Amino acid sequence: MSNPLKRLLQRPVIWLSTRFSSSPDRQQVFSSLSALHEAILAGRRQKGLVLPFAMEQSRFIIFSDQHKGGKDGADDFMAAESSYLAALRHYGEQQFTFINLGDCEELWECTPKKVLAANQVSLMAEARFLQEKKYFRIFGNHDLEWRYAVPRQQFLKPLFGRKLKVYEGLILQTSYREQTYHIFLTHGHQGDLRSDGNAFSKWFVAAIWTPVQRYFNVRMDTLSDSYDLADRHNSLMYEWSKNYQKTFLISGHTHKPVFASLDHIDRLTKQLEKAQSQGNSAEVHILQQALAARRAEYAGKQFVKTMARPSYFNTGCCCFSDGDITGIEIANGFIRLVKWKNDTRTVLEESPLYYLFDQTG
C-alpha cells in the first residue's frame, strides 16, 4: 500500500480504534466470567483446568502483562526485563509453579515473529518452568492470537515444545476445614466485546483487526492507560467475585495491583491516614514517599475505595516504566503481593490463606 493511501486510511482506522476501545460493561463482565468459571468447573479442558493444591506446601507465582515487544521505542517490557529475569531465576530455584496470566506478548503492535525473535532470553526462562512441568499460560486480549492452534504451532511450539497449552483460565482448588475453596485465575479482559465477544469477533480481532492495527501503528490500550477505566474494571471484577462463596478471583489486564480487594494506593492511603492520626512522623514520611513513587502509576485516581470482602486480587504488570514488576505469590499457606526491582524482592502485602478463607466462607 502506498504511503498516501496509508495516510488517507489512517484517520478512519484511528476513529474505529477509539470507538471500539476497551470499556468494561457490567453485564458482559459478569456473564463472561461466570460462563468461563462454570465451563472450567464442568471439565471443559480446552477452556482451562482445575488444579488441586495443598495449601501449606504448594508454591505459585502469578505474573501478567509483560507486553513483550520488539525491543524498539514502543516496547514497554524492555525497562522491566532485568527484574523479570531475576524473579524467574528466584522462582525457578525455589520450585514455584509459574502461571503466566495473559498479555505475555504485545501482538497488537508487533508481529509474533518480531516479538519472539527479540525476547529469546525471557521466553527460554519461561520455557524452563514448562520443562519442569511447572508452567501454565493464559491468553489475554493483547496476545489473543495464542488462542488459536495455527499461530501456536508456528511460533510458540518451536520454543516451548509440544507440551505447551494455552488456556483462557485456571482454577486452583484446595481444602480448608473440610470445605473446598477455589482461586479462579483469568486475564481479565472478559466483558470487552472487542476481544471477548462471540467466536467470530474473537477470530476477527486476532486474524484481521490486529494486523490492521500493526500496519497503521494504532495502539488501543485505553484500559491500562486510564485510571478511571482501570478502577471501574477492577471494581466490577470485585463485584463479580463477592457473589461466589469460597471463591477468589485473580486477574491482570488493568496494570493496577489489587490485594484483598483494595488496590495498593488505597491501602497506602489508609495506612498514611492511620499514621497521621497516631502522630507517627517516621511512618508518615515513609508512606508519603511510597505514594509519591506510585503517583504516575495511579494518575487519574479520584477516590479511595473501601471494599469489605477480600475476594479479588490483581497482579499489576511486568512493564512499569520505572523497571518494577509486580505479581501474586501463593506459597506455604500465604498469599502475597510482591514487587521486584532488579534482583530485589519486596513484599507489599500478605495474608495467610486461612484468614481469607475464614472471611469468605
Side-chain angles (χ1 to χ4, degrees), residues 13 16-17 20-22 28 31-33 35-40 42-49 63-70 77 98-120 122-124 126-127 129-130 135-171 185-216 218-221 223 251-253:
V13 168
L16 284 169
S17 297
F20 296 106
S21 59
S22 297
Q28 292 296 333
S31 62
S32 295
L33 285 174
L36 176 59
H37 181 253
E38 291 162 13
I40 296 173
R44 293 176 57 188
R45 295 175 65 87
Q46 73 277 18
K47 288 287 190 178
L49 306 177
F63 285 130
S64 77
D65 295 271
Q66 296 90 343
H67 291 270
K68 293 189 287 285
F77 177 65
F98 178 17
I99 300 174
N100 211 349
L101 204 58
D103 283 2
C104 313
E105 285 76 47
E106 178 49 74
L107 302 184
W108 284 5
E109 298 177 1
C110 301
T111 64
K113 181 178 180 180
K114 181 178 180 181
V115 169
L116 270 58
N119 291 277
Q120 291 286 306
S122 294
L123 289 163
M124 293 310 298
E126 294 176 14
F129 285 86
L130 183 62
Y135 184 72
F136 295 91
R137 181 180 266 247
I138 308 298
F139 65 80
N141 53 321
H142 280 251
D143 55 7
L144 189 64
E145 288 175 64
W146 302 145
R147 182 176 186 267
Y148 299 97
V150 171
R152 287 202 309 267
Q153 292 284 349
Q154 182 178 357
F155 297 107
L156 292 182
K157 290 295 176 72
L159 285 169
F160 287 89
R162 295 175 57 85
K163 294 181 180 179
L164 179 69
K165 307 289 184 185
V166 182
Y167 300 104
E168 188 174 353
L170 293 170
I171 293 178
L185 302 104
T186 190
H187 177 64
H189 63 284
Q190 284 72 21
D192 175 4
L193 292 179
R194 188 170 42 79
S195 50
D196 187 48
N198 57 38
F200 174 79
S201 70
K202 290 180 180 179
W203 170 84
F204 182 83
V205 167
I208 305 298
W209 186 242
T210 295
V212 169
Q213 288 177 232
R214 289 187 198 125
Y215 184 78
F216 287 98
V218 175
R219 186 172 181 267
M220 288 166 44
D221 196 18
L223 187 60
S251 74
H253 189 48

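Only heavy atoms go into these numbers, but all of them, side chains included; no hydrogens, no water, no symmetry mates. These numbers come from a predicted model, not from an experiment.
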* Structure fact -> For Lys165, the side chain to side chain contact (heavy atoms under 4.5 Å, CB included) test, sequence neighbours excluded, returns Tyr167
* Structure fact -> Hits for side chain to side chain contact (heavy atoms under 4.5 Å, CB included) against Gln154, two or more places apart or cross-chain, chain-then-number order -> none
* Asked: Measuring from Ile138:CD1 to Asn100:CG, what's the distance to the nearest 0.5 Å?
  -> 8.5 Å
* Stepwise side chain to side chain donor-acceptor pair (under 3.5 Å) test for His187 and His253 -> CA-CA 6 Å; His187 177 64; His253 189 48; 3.3 Å; yes
* Could you check if a side-chain atom of Leu123 sits within less than 4.5 angstrom of a side-chain atom of Glu105, using non-hydrogen atoms only? => yes
* Asked: Between Gln66 and Asn119, is any pair of side-chain heavy atoms under 4.5 Å apart?
  -> no
* Can you list the residues that meet the side-chain hydrogen bond (donor to acceptor under 3.5 Å, both in side chains) rule with Asp65, with sequence neighbours excluded? -> His67, His255
* With sequence neighbours excluded, what pairs up with Tyr135 under the ring pair (Phe, Tyr, Trp, His ring centres under 6.0 Å) test? -> Phe98, Phe160
* Asked: How would you list, by chain and number, every residue that makes a side chain to side chain contact (heavy atoms under 4.5 Å, CB included) with Arg44, sequence neighbours excluded?
  -> Ala39, Gln46, Lys47
* Side chain to side chain, Leu159 and Met124, heavy atoms closer than 4.5 Å -> yes
* Kindly write out the residues that satisfy side-chain hydrogen bond (donor to acceptor under 3.5 Å, both in side chains) with Thr186, not counting sequence neighbours, or none if the list is empty. => Gln190
* **Gap between atom OG of Ser64 and atom NE2 of His142 - 0.5 Å precision** => 11.5 Å
* Heavy-atom side-chain contact between Trp146 and Arg137 under 4.5 Å -> yes
